[in-house]
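This report refers to the structure that appears directly beneath it.
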Amino acid sequence: MTINALAREMLVNAGGVIETTFYPRRYAMELSSEVYKSWNFLEQALPNDLKKRGMAVEDANSPYGLQLLIKDYPYAVDGLKIWFAIEKWVRDYCTFYYQSDEMVKQDPELQTWWKELREVGHGDKKHEPWWPKMQTCEELIESCTIIIWIASALHAAVNFGQYAYEGYFPNRPSLSRRLMPEKGSDEYEELEKNPEKAFFRTMSTQLQALTVTVVLETLSNHASDEVYLGQRTSDIWTTDETPLAAFKAFNKRLTEIEGEILRMNMDKKFKNRVGSVNVPYTLLYPTSELGLTGKGIPNSISI
């Protein structure tokens, strides 16, 4: 994909934007590689992620069979709505074309795709025991739901709020050029007399700040031709009525979720949805207008 090639060329390459403007510097990618060693495909599913982080427990009497331990947790509340909307759409689609586990096993294109995803896409983790074997329709549904979730809603939640939070660079400098001053030093005296001057001498340089801000603005922007989750650029993608109806129902459910998000954001009992600065949580609102909006879930990762 073009976006991945561009990222490898300019963003996460050795000596690239991340390594020259963020605190870990030349260790940034090494740290990311270390974290990846504990990466688990199945844990990317939102319900599994919430349970692993101690934010939810299984509960047959709760919506989606999951009880949130923090009720006013916008990412989890909105995310579960989106997750299960995706899961239903994937289930409706897959069960139409794969009406038995045997059909999944005997589809050579599907099996080749899954083999490439594991052995090429994640070559150094290809022997992990947790990979789905892709022998049943349930494994296909689970795997496709995870992939769609990662590339759409999960990415939107961590990406499109960046500029609003970091566009004013002193709010979140990407590195420090000086150590914390020790009492009795000239730097400590400067900090006492003129803390603002000391802060700006410590945080990123103007060039570093400008570089990061430009990158964040680019990443946080929605293009005029953005295609959002539940949308297609053409109606002619299949002539089969059942998947067409299922996709229409998926789009309708996402529209309903938009209304639910707006209502919750206006409900004063959900204090975490707006915070002390009265900025509503919209990172998982499915659609958006052009530009820097802090909302919108594209069909896949794009800039």
When you measure from the side chain of D49 to the backbone N and O of A45, does any donor-acceptor pair fall under 3.5 Å? no

Should we count OH of Y27 as having more than 12 external heavy atoms under 6.0 Å? no

Can you check whether P298 reaches H222 side chain to side chain, under 4.5 Å on heavy atoms? yes

Would you check, one step at a time, whether the test salt bridge (charged side-chain N to carboxylate O under 4.0 Å, His left out) holds for E190 with R201? CA-CA 10 Å; E190 178 189 50; R201 282 166 60 93; 3.1 Å; yes

Are E260 and R253 within salt-bridge range, i.e. N to O under 4.0 Å? yes

Are I301 and Y75 connected into the same hydrophobic cluster when the rule is that any two of I, L, V, M, F, W, Y join if their side-chain heavy atoms are below 4.5 Å apart? no

With side-chain contact (heavy atoms from CB on, under 4.5 Å) as the test, would you mind laying out the steps for L66 and V57 before giving the verdict? CA-CA 6 Å; L66 209 63; V57 293; over 6 Å; no

Nearest-0.5 Å distance, OG of residue S220 to CD of residue E166: 8.0 Å

Which pair of non-hydrogen atoms, one from I150 and one from Q44, has the smallest distance, and what is that distance? CD1-CB, 3.6 Å

Go through the steps for K88 and D92 under the test salt bridge (charged side-chain N to carboxylate O under 4.0 Å, His left out), then give the verdict. CA-CA 6 Å; K88 184 179 187 308; D92 290 344; 2.8 Å; yes

Smallest heavy-atom separation, L68 atom then A76 atom, equals CD2-CB, 3.7 Å

Are the side chain of S174 and the backbone N or O of T21 linked by a donor-acceptor pair below 3.5 Å? yes

Hey, does the Lys NZ or Arg CZ of R172 hover above the aromatic six-ring of Y165, less than 6.0 Å from the centre and inside 45° of the axis? no

Can you measure from CD1 (I70) to CE (M55) and round to the nearest 0.5 angstrom? 3.5 Å

Can you confirm whether S143 sits close enough to M134 that some side-chain heavy atom of one is under 4.5 Å from a side-chain heavy atom of the other? yes

Ring geometry between W131 and W114 (parallel below 30°, tilted from 30 to 60°, perpendicular above 60°): perpendicular

V279 side chain reached by V274 side chain, heavy atoms, under 4.5 Å: no

Linking I/L/V/M/F/W/Y whenever any side-chain heavy atoms sit under 4.5 Å apart, do Y23 and F199 land together? no

How many angstroms lie between CD in E256 and CG in N251, if you round to the nearest 0.5 Å? 10.0 Å

For a side-chain contact (heavy atoms from CB on, under 4.5 Å) check, start with the C-alpha distance between L80 and L50, then their side-chain angles and the critical distance, and finish with the verdict. CA-CA 10 Å; L80 287 172; L50 293 172; 4.0 Å; yes

Strictly distance-based, threshold 3.5 Å: is any side-chain N or O of R177 a donor or acceptor partner for the main-chain N or O of F200? yes

Which heavy atom of K71 sits nearest a heavy atom of V77, and at what distance? O-CG2, 3.4 Å

Report, as yes or no, whether the 6.0 Å neighbourhood of atom CG on L179 holds more than 12 heavy atoms from other residues, nucleotides or ligands. no

Step-by-step side chain to side chain donor-acceptor pair (under 3.5 Å) determination, N13 to R8: CA-CA 5 Å; N13 57 308; R8 292 191 183 104; over 6 Å; no

NZ/NE/NH1/NH2 to OD/OE distance under 4.0 Å, E43 and R53: no

Taking the cut-offs as 6.0 angstrom to the six-membered ring centre and 45 degrees off its axis, would you call K105 and Y98 a cation-pi pair? no

The single option from D72, D78, T282 passing side chain to side chain donor-acceptor pair (under 3.5 Å) against R273: D78

Close side-chain approach of M203 and L175, heavy atoms under 4.5 Å: no

Are any non-hydrogen side-chain atoms of S234 and R232 less than 4.5 angstrom apart? no

Is it true that a side-chain atom of E192 and a backbone atom of E189 form a donor plus acceptor pair closer than 3.5 Å? no

With side chain to side chain donor-acceptor pair (under 3.5 Å) as the criterion, how do Y281 and N272 come out once you've worked through the C-alpha distance, each side chain's angles and the decisive distance to 0.1 Å? CA-CA 8 Å; Y281 184 85; N272 291 340; over 6 Å; no

Evaluate side chain to side chain donor-acceptor pair (under 3.5 Å) for T293 paired with S288, printing each intermediate quantity in order. CA-CA 7 Å; T293 64; S288 174; 2.6 Å; yes

Would you call the rings of W39 and H122 parallel, tilted or perpendicular, where under 30° means parallel and over 60° means perpendicular? parallel

Just how far is it from atom CZ of F22 to atom CD of Q208, taken to the nearest 0.5 Å? 10.5 Å

Residue R178 excluded, over 12 heavy atoms near CZ under 6.0 Å: yes

Between E128 and R118, does at least one N-O distance fall below 4.0 Å, as a salt bridge requires? no

Under a 3.5 Å distance rule, please check whether S185 uses its side chain to pair with a backbone N or O of P181 as donor and acceptor. no

Are E30 and E19 packed together at the side-chain level, in the sense that at least one heavy-atom pair is separated by less than 4.5 angstrom? no

Atom OG in S300, atom CD1 in I297: separation rounded to 0.5 Å? 12.5 Å

Can you see which heavy atom on S62 is nearest to which on D59, and at what distance? OG-OD2, 2.7 Å

Using side-chain contact (heavy atoms from CB on, under 4.5 Å), reason through N265 and F270 one step at a time and then give a plain yes or no. CA-CA 7 Å; N265 284 348; F270 298 123; over 6 Å; no

Would W237 and L244 count as a side-chain contact (heavy atoms from CB on, under 4.5 Å) if you check the C-alpha gap in whole Å, the side-chain angles of each, and the deciding distance to 0.1 Å? CA-CA 9 Å; W237 55 277; L244 284 171; 3.8 Å; yes

Considering non-hydrogen atoms only, spot the tightest contact between I82 and L229 and give its length. CG2-CD2, 4.1 Å

Step by step, work out the salt bridge (charged side-chain N to carboxylate O under 4.0 Å, His left out) result for E139 and K133. CA-CA 7 Å; E139 288 181 323; K133 306 302 182 186; over 6 Å; no

Return the CD1 to CZ distance between I257 and F84, rounded to the nearest 0.5 Å. 11.5 Å

Would a single hydrophobic cluster contain both Y93 and W113, if residues Ile, Leu, Val, Met, Phe, Trp and Tyr are joined by side-chain heavy-atom contacts under 4.5 Å? yes

Side-chain heavy atoms nearer than 4.5 Å, only ILVMFWY residues, links allowed to pass through others: does that put L290 and L292 together? no

Would you say the ring centers of Y64 and W83 fall short of 6.0 Å from each other? no

Would you kindly confirm whether I261 and M266 end up in one hydrophobic cluster when ILVMFWY residues are joined by side chain heavy atoms under 4.5 Å apart? no

Return yes if some donor-acceptor pair links the side-chain N/O of E258 with the main-chain N/O of T287 below 3.5 Å, else return no. yes

Specify the closest pair of heavy atoms between N299 and S152, including all atoms of both residues, with the distance to one decimal. O-CB, 3.8 Å

Evaluate the side-chain proximity of F169 to V212: yes if any heavy-atom separation is below 4.5 Å, no if none is. yes

Crowding at CG, D235 (>12 non-hydrogen neighbours, <6.0 Å): no

Does any part of the side chain of N48, heavy atoms only, come nearer than 4.5 Å to the side chain of I146, both counted from C-beta? no

Can a donor-acceptor pair be found, under 3.5 Å and without considering hydrogens, that links the side chain of D240 to the backbone of T242? no

